[in-house]
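Data block below; observations after.
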Amino acid sequence: MTLKAIFLAGAALLAANAAQADTWVMNANGYAFDTAGKPVPFRTMRIGKDGKIAWVTQAVPRIAWGPDDVMVDAGGRTVIPGLIDAHGHVMGLGFQALALDLTGTKSLDEALQRLKAYAAANPDKPWIIGRGWNQEIWKLGRFPTAAEIDAVVSDRPVWLGRVDGHAGWGNTKALELAGVTAATKDPVGGRVERKADGSPAGVLVDAAQDMVDAKVPAPTAADAEAALNAALKIMAEVGLTGVGDAGADPKTWALYDRFGKEGRLTARIYAMAGGMEALEAISPKGPIDWTYDDRLALKSVKLYSDGALGSRGALLKAPYSDDPKNMGLQFLPQDKLNAMVQSAASRGYQVNIHAIGDGANAEVLNAFESVVGSRPKGLRHRIEHAQVVDPVDLPRFAKLEVIASMQPTHATSDKNMAEDRLGAARMKGAYAWRSVLDSGAKFAGGSDFPVEAPNPFFGIHAAVTRQDHNDQPLGGWYPGEALTLDEALASFTTGAAYAAFGEGKFGNLETGKWADFLILDADPYKMAPKDLWKIKVQETWVGGKRVYQREGAAK
């Protein structure tokens, strides 16, 4: 039955189902979506006491409500399905909320002033940990140095992650504690930025970060719980009812599982085991299907094939245009990558692989091709980011049934440096959402938070306009790769649900699915595309229960 037919049938079901104690969302400017991804309006939604949708309809019910029924007057406000981020880092978001946040700093000086203030406000912290810097936005033309941190904080170690997590910036104390010297060799898959004399300059790229990370005190159980609570709160506030958690370790999984048992998960978490060792530790007997009222699952493993474009760690097929001696970092040789994919897939796990550069994307597609014909089938393998793809490789996504899990805000964040890194010719397959969809591939939308802001409306805006929040560049950045509003919303609802094996459970407002929905302060279909990022969530509901209400919003 089509969604429209379900709507028409909804009115006939009113009397038959009136006796149960349900929740009714009335007077809504509601949108569900049909099988083609087109919006179908509704005014009334009935939610059963099990938290699932009984039906939605344009009709106005004329029945006597049950004495225990809950009535929610939407007051004409817009109601849409809950939004899902296909690729985020839940604990990273939470820990960043509790640590030094350099996101959005416009200059090195602003970042150092923020560091100085944080250090003064936290005199007892043995290490100062933070994240969010981006030397491209600062227009430094180089990486920052240890000496620049030393001028502000030199008495204790400071370790600050780049916005994409693919480089760390430390002071001299942090580098000394890690034993990083002129004699330290670059590890496989990593690089130590150096001064002219070969001594460490202060930034460690990709795998080189492990040397300092190993010295950072592990968060306590209380720290981790506070971080998860903080992340869930942020997600509810921005309208995320679900997330693909891109890399969970055993301790994190145990925390998620405990929150699930205790009924404290206010968003659905599709966890990806963070590497093969984590997979063996968390789920040695096979994938863990959706549990705790479909709040938690682990059916996949997250692997890395390269680094990031901003730190020139993305693996390219040809050298960087602005660094002719550098082609990026290959994290795994092809034969080892193939073997890891085979090992995970043979046991029924979806394999989700980080690939930024065109070289990395080609190698990951090769790995997925190496398991074609193997059992089991239908594992919905994913490439996370698929940021720069050689156009000759684009058709392979659909052919191999590989999902492109992409983050629209990466384009608007990277537009000031991407062409410098790649040159004009390689931009043809970069941030190519339209080309991916037109190729017939499945597309799941996300943000990679806390690399980018977790607000899904930022991603929807970027996907539709290819512009930043200042409406730049005029006409959009490579506007031929923009999506329609229907397509952008689908990537954060049905597309992300499909990528997590959840399409029969959530992602749309249909009979039998969980009542995950948002009440908004504006209608995305009745506003200028340039203003989509300004939409504010008034209420967030998961499984028929309100998990967030904006202060001052109508009840």
Side-chain angles (χ1 to χ4, degrees), residues 50-52 81-94 228 231-232 235-236 240-303 344-353 376-382 384 403 405 442 444-446 449 491-508 510 512-516 542-545 547:
D50 60 356
K52 295 182 179 180
L83 299 175
I84 306 164
D85 192 311
H87 181 117
H89 301 274
V90 174
M91 297 305 291
L93 179 66
L228 180 52
L232 291 170
M235 290 168 60
L240 288 175
T241 59
V243 62
D245 187 51
D249 60 25
K251 287 185 178 179
T252 296
W253 172 258
L255 181 61
Y256 292 164
D257 191 60
R258 178 162 67 83
F259 267 52
K261 282 187 176 78
E262 295 171 357
R264 298 169 64 189
L265 288 177
T266 54
R268 306 187 190 280
I269 297 179
Y270 180 68
M272 311 172 202
M276 298 301 288
E277 289 186 9
L279 186 69
E280 297 297 339
I282 296 170
S283 181
K285 296 181 180 179
I288 301 170
D289 207 348
W290 286 100
T291 188
Y292 305 126
D293 288 337
D294 299 327
R295 300 289 175 114
L296 184 63
L298 189 146
K299 297 165 70 72
S300 63
V301 61
K302 164 78 179 301
L303 304 176
S346 67
R347 290 176 287 161
Y349 293 98
Q350 178 191 56
V351 183
N352 303 338
I353 307 180
K377 297 183 183 297
L379 295 181
R380 305 181 186 181
H381 300 312
R382 297 164 44 165
E384 305 300 319
I403 297 170
S405 173
K442 300 284 189 182
F449 67 70
S491 74
F492 281 90
T493 52
T494 54
Y498 178 86
F501 300 91
E503 70 275 14
K505 304 174 183 297
F506 47 80
N508 200 2
E510 298 176 88
K513 291 186 178 179
W514 290 107
D516 299 353
V542 177
K545 301 294 183 184
V547 299

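Heavy atoms only: backbone and side chains are in, while hydrogens, waters and symmetry mates are out. Numbers here are sequence positions counted from 1. Just so it is clear, the model here is predicted, and its values are computed rather than measured.
Judged purely by atom type and a 3.5 angstrom limit, Arg382 has no side-chain atom pairing as donor or acceptor with the backbone of Ser405. Side-chain atoms of Asp245 come within 3.5 Å of backbone atoms of Val90 as a donor-acceptor pair (strictly under, hydrogens ignored). The backbone N or O of Pro287 lies less than 3.5 Å from no partner atom in the side chain of Gln350, so there is not a single donor-acceptor pair.
For Tyr256, there are no ring-ring contact (aromatic ring centres under 6.0 Å, His included) partners two or more places apart in sequence or in a different chain. Shown here are the salt bridge (Lys or Arg N to Asp or Glu O under 4.0 Å) partners of Lys299, two or more places apart in sequence or in another chain: Asp289.
For the pair Lys545/Thr266, no side-chain contact is recorded, criterion being any heavy-atom separation below 4.5 Å from C-beta on. Side-chain contact between Arg264 and Leu228 is absent, with no heavy atoms from C-beta onward closer than 4.5 Å. Here the side chains of Ile84 and Leu240 are not in contact, with every heavy-atom distance at 4.5 Å or above. Residues Asp293 and Asp50 are not in side-chain contact: their nearest non-hydrogen atoms beyond the backbone lie 4.5 Å or more apart. Considering only heavy atoms from C-beta on, Ile403 comes within 4.5 Å of Tyr498 through its side chain. Counting heavy atoms from C-beta outward, Thr494 and Glu503 have side chains that stay 4.5 Å or more apart. The closest side-chain heavy-atom distance from Tyr270 to Phe501 is below 4.5 Å. Counting heavy atoms from C-beta on, the side chains of Leu232 and Phe259 come closer than 4.5 Å.
Between Asp257 atom CG and Ile288 atom CD1 the span is 7.5 Å, to the nearest 0.5 Å. Within the model, atoms CG of Leu298 and OG of Ser283 stand 5.5 Å from one another, a figure rounded to the nearest 0.5 Å. Taking OG1 of Thr252 as the start and CD1 of Ile282 as the end, the distance is 8.0 Å to the nearest 0.5 Å.
Across all non-hydrogen atoms, the minimal contact from Tyr349 to His381 is O-CE1, 3.6 Å. Residues Lys52 and Gly512 come closest through the heavy atom pair CD-O, 3.5 Å. Of all heavy-atom pairs spanning Gly348 and Leu379, the tightest one is O-CD2, 3.5 Å. Summarising the geometry of Thr493 relative to Pro81, their closest heavy-atom pair is CG2-CB, 4.2 Å, with the distance given to 0.1 Å. Among all heavy-atom pairs drawn from Leu279 and Ala344, the shortest one is CD2-CB, 4.5 Å.
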Fill in: Pair Asp249-Met91, side chain to side chain contact (heavy atoms under 4.5 Å, CB included): steps then yes or no
CA-CA 10 Å; Asp249 60 25; Met91 297 305 291; over 6 Å; no
Worksheet entry | Worked verdict on Val243 versus Phe449 for side chain to side chain contact (heavy atoms under 4.5 Å, CB included) | CA-CA 10 Å; Val243 62; Phe449 67 70; 3.6 Å; yes
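Within the structure, the salt bridge (charged side-chain N to carboxylate O under 4.0 Å, His left out) test picks out no pair touching residues 84-93 (sequence neighbours left out).
Atom CD of Glu277 has 12 or fewer heavy atoms from other residues, nucleotides or ligands within 6.0 Å.
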